[in-house]
Amino acid sequence: MDAESPGGEECLEEEEEELETNLEDPENESVGKPALGGRCCILTRRGITLRVLLKDRLIEPGEGVLSIYYLGKKFLGDLLPDGKITWQETGQVFNSPSAWATYCKKLVNPAKKSGCGWASVKYKGQKLDQYKATWLKQRQPNAPVAAVEEMGEGRLGFLAIHEEIRTATVSSRNPHTLVEVTSFTAVNKFQPFNVAVSSNVLLLLDFHSHLTKSEVVGYLGGRWDTNSQLLTVLRTFPCRTRLGDGELAAAVEEEICQNLFMRGLSLVGWYHSHPFGHALPSLQDIDAQMDYQLKLQGSNNSFQPCLALICGPYYHGNQGSESKISPFWVMPPPEQRPNDYGIPMEVEVTYVQDGFLTNDVLHEMMLLVEFYKGAPDLVKFQDIWSQDQTYLDKLKGSLASRTPKDQGVAHILEQVYTLLKLSS
């Protein structure tokens, strides 16, 4: 049945409702959200943005080339050269198809929670999802269609969600209240998945967390094996941006998204720092993590975990100079109390020592030094941290246990430390 006819719209809407119940399209981006996940070595449709399609000339900018038909209403939009969308009726600009679709559908149906933008928005009469499929087929001709999940946009979106929750008031309680994590054995449950984390992952996120007195955020790339229920975390992707800088965040996340694709990795989690605080989740961290877990769950409601790591580099309650890095996952609240907070669960992790420091890690370290150079919140590494230890001594001590035993690594890291001293 044609989607433009009233009956077709109802049929289309039923399909969208079924998809959205499982998915909750993450990109509500008149203020900004999306997500990424997926299976090993195959870029999901979430890795493709309008800018990617424009760049590869599958679509072109133009007036009135975008349209939405929803419950008898028609909306027309202009596609801008930067991949944004202008709604013709009001001139409002939206960052993504999902943002525009969600906004328009809520005008017709205020109860609508999401827009399924790529399945709803048409470019010159053809669904944008079909252009994604064409793009993927050109670059991954052997990829099974079923392996390409239909979710959200090409940005990752955790930064937008994190900032939204960070600046919101979480119920009547202080959103910064820290919550002790609970072990699975304490509630007579088994951990629902196993986790293995590369030492290079910890080294880079620990390095990132030490650089500034402000909170930092980054992504974790890896693979999820449904057969063995093993989540393997292989790469750290630091966000070289400031929380609240939405414009830069979009570009950074798109770059990370493409890096994940190029390396055949999926998004498997995130990390952030509590610079001088305990590495325990706050109420807002629990809220954010619960949101992220839903984003990575998958369109068929299959289970895919999302790991959260918190790094507390300068908390004086830590033993020795090594940063405390706490992995956690949130157990959802009971169905009869959906508005309650989830329970932060301590995740048991196997740490795998890498044999060498990759060029990617070194490159990221240099980029981070450059990004924070001269910043007012950059840690002064020559200042005293504790007793006779400088902040640089603290950093070196923390990274020591995470550094590969390769003899050449120490010399390379000393060069990085020298740059740090000069920049601070």
Might you confirm whether atom [atom1] of [X] has over 12 heavy atoms from other residues, nucleotides or ligands at distances under 6.0 Å?
X: Q389; atom1: CD; result: yes
X: H316; atom1: NE2; result: yes
X: N359; atom1: CG; result: no
X: F276; atom1: CZ; result: yes
X: Q415; atom1: CD; result: yes

Would you compute the distance between atom [atom1] of [X] and atom [atom2] of [Y] and round it to the nearest 0.5 angstrom?
X: D393; Y: T390; atom1: CG; atom2: OG1; result: 3.0 Å
X: I59; Y: L53; atom1: CD1; atom2: CG; result: 4.5 Å
X: S321; Y: W385; atom1: OG; atom2: CH2; result: 6.5 Å
X: R51; Y: E254; atom1: CZ; atom2: CD; result: 4.0 Å
X: T241; Y: L248; atom1: OG1; atom2: CG; result: 3.5 Å
X: Y372; Y: K213; atom1: OH; atom2: NZ; result: 14.0 Å

Heavy-atom check, side chain of [X] versus side chain of [Y], under 4.5 Å:
X: K189; Y: M331; value: yes
X: V181; Y: P344; value: yes
X: V65; Y: D78; value: no
X: E322; Y: N318; value: no
X: N194; Y: T350; value: no
X: D360; Y: R235; value: yes
X: L267; Y: K295; value: no
X: M290; Y: I286; value: no

What pair of heavy atoms forms the shortest contact from [X] to [Y], and how long is it?
X: L357; Y: P404; result: N-CG, 3.7 Å
X: Y391; Y: I384; result: CE1-O, 3.4 Å
X: T236; Y: V201; result: OG1-O, 2.8 Å
X: S209; Y: P313; result: O-CG, 3.5 Å
X: N174; Y: L283; result: O-CD1, 3.3 Å
X: G83; Y: L50; result: O-CD1, 3.3 Å

Between [Y] and [X], does any NZ, NE, NH1 or NH2 come within less than 4.0 Å of an OD or OE carboxylate oxygen?
X: R240; Y: E255; value: yes
X: D206; Y: R402; value: yes
X: D377; Y: R242; value: yes

Quiz item: Between F261 and R263, is there a cation-pi geometry (under 6.0 Å to ring centre, at most 45° from the normal)?
Solution: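 No, a cation-pi geometry is absent between R263 and F261.
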Quiz item: Do F193 and W329 have ring centroids that are under 6.0 Å from one another?
Solution: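 Yes: the rings meet the under 6.0 Å criterion.
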Quiz item: Are the ring centres of F94 and W87 closer than 6.0 Å?
Solution: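 Ring centres of W87 and F94 not closer than 6.0 Å.
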Quiz item: Quick one: side-chain contact (heavy atoms from CB on, under 4.5 Å) partners of E414, sequence neighbours excluded?
Solution: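 If we apply the side-chain contact (heavy atoms from CB on, under 4.5 Å) test to E414, skipping adjacent residues, the hits are K396, Y417.
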Quiz prompt | Working for side chain to side chain contact (heavy atoms under 4.5 Å, CB included), residues Y271 and V217 | solution = CA-CA 6 Å; Y271 72 88; V217 179; over 6 Å; no
Spell out, as yes or no, whether a donor-acceptor pair under 3.5 Å connects the side chain of [X] to the backbone of [Y].
X: D287; Y: P175; answer: no
X: S266; Y: R223; answer: no
X: S273; Y: V216; answer: yes
X: D285; Y: S282; answer: yes
X: Q289; Y: C306; answer: yes
X: Q293; Y: V330; answer: yes
X: Q92; Y: T86; answer: no
X: Y314; Y: H210; answer: yes
X: T185; Y: N188; answer: no
X: S398; Y: K394; answer: no

Quiz item: Picking from V179, T177, L178, I310, what satisfies side chain to side chain contact (heavy atoms under 4.5 Å, CB included) with L280?
Solution: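 Output: one option passes, namely L178.
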Quiz item: side chain to side chain contact (heavy atoms under 4.5 Å, CB included) between T232 and V195: does it pass, once the steps are laid out?
Solution: CA-CA 6 Å; T232 308; V195 182; over 6 Å; no
Quiz prompt | side chain to side chain donor-acceptor pair (under 3.5 Å) between K105 and S120, intermediate numbers included | solution = CA-CA 10 Å; K105 288 184 179 183; S120 303; 2.8 Å; yes
Quiz prompt | Verdict with supporting geometry, Q130 and Y123, side chain to side chain donor-acceptor pair (under 3.5 Å) | solution = CA-CA 10 Å; Q130 295 171 8; Y123 173 80; over 6 Å; no
Self-check item: Evaluation steps, side chain to side chain contact (heavy atoms under 4.5 Å, CB included), between L220 and L309
Solution: CA-CA 9 Å; L220 304 173; L309 297 175; 3.8 Å; yes
Quiz item: Do the ring planes of H272 and W270 sit parallel (below 30°), tilted (30 to 60°) or perpendicular (above 60°)?
Solution: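 Answer is parallel, since the angle falls under 30°.
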Quiz prompt | Residues forming a side chain to side chain donor-acceptor pair (under 3.5 Å) with E370, sequence neighbours excluded | solution =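 Per chain and number, E370 pairs via side chain to side chain donor-acceptor pair (under 3.5 Å) with K373.
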Exercise. Carefully, step by step, assess N200 and L204 under the rule side chain to side chain contact (heavy atoms under 4.5 Å, CB included).
Key: CA-CA 6 Å; N200 278 342; L204 184 52; over 6 Å; no
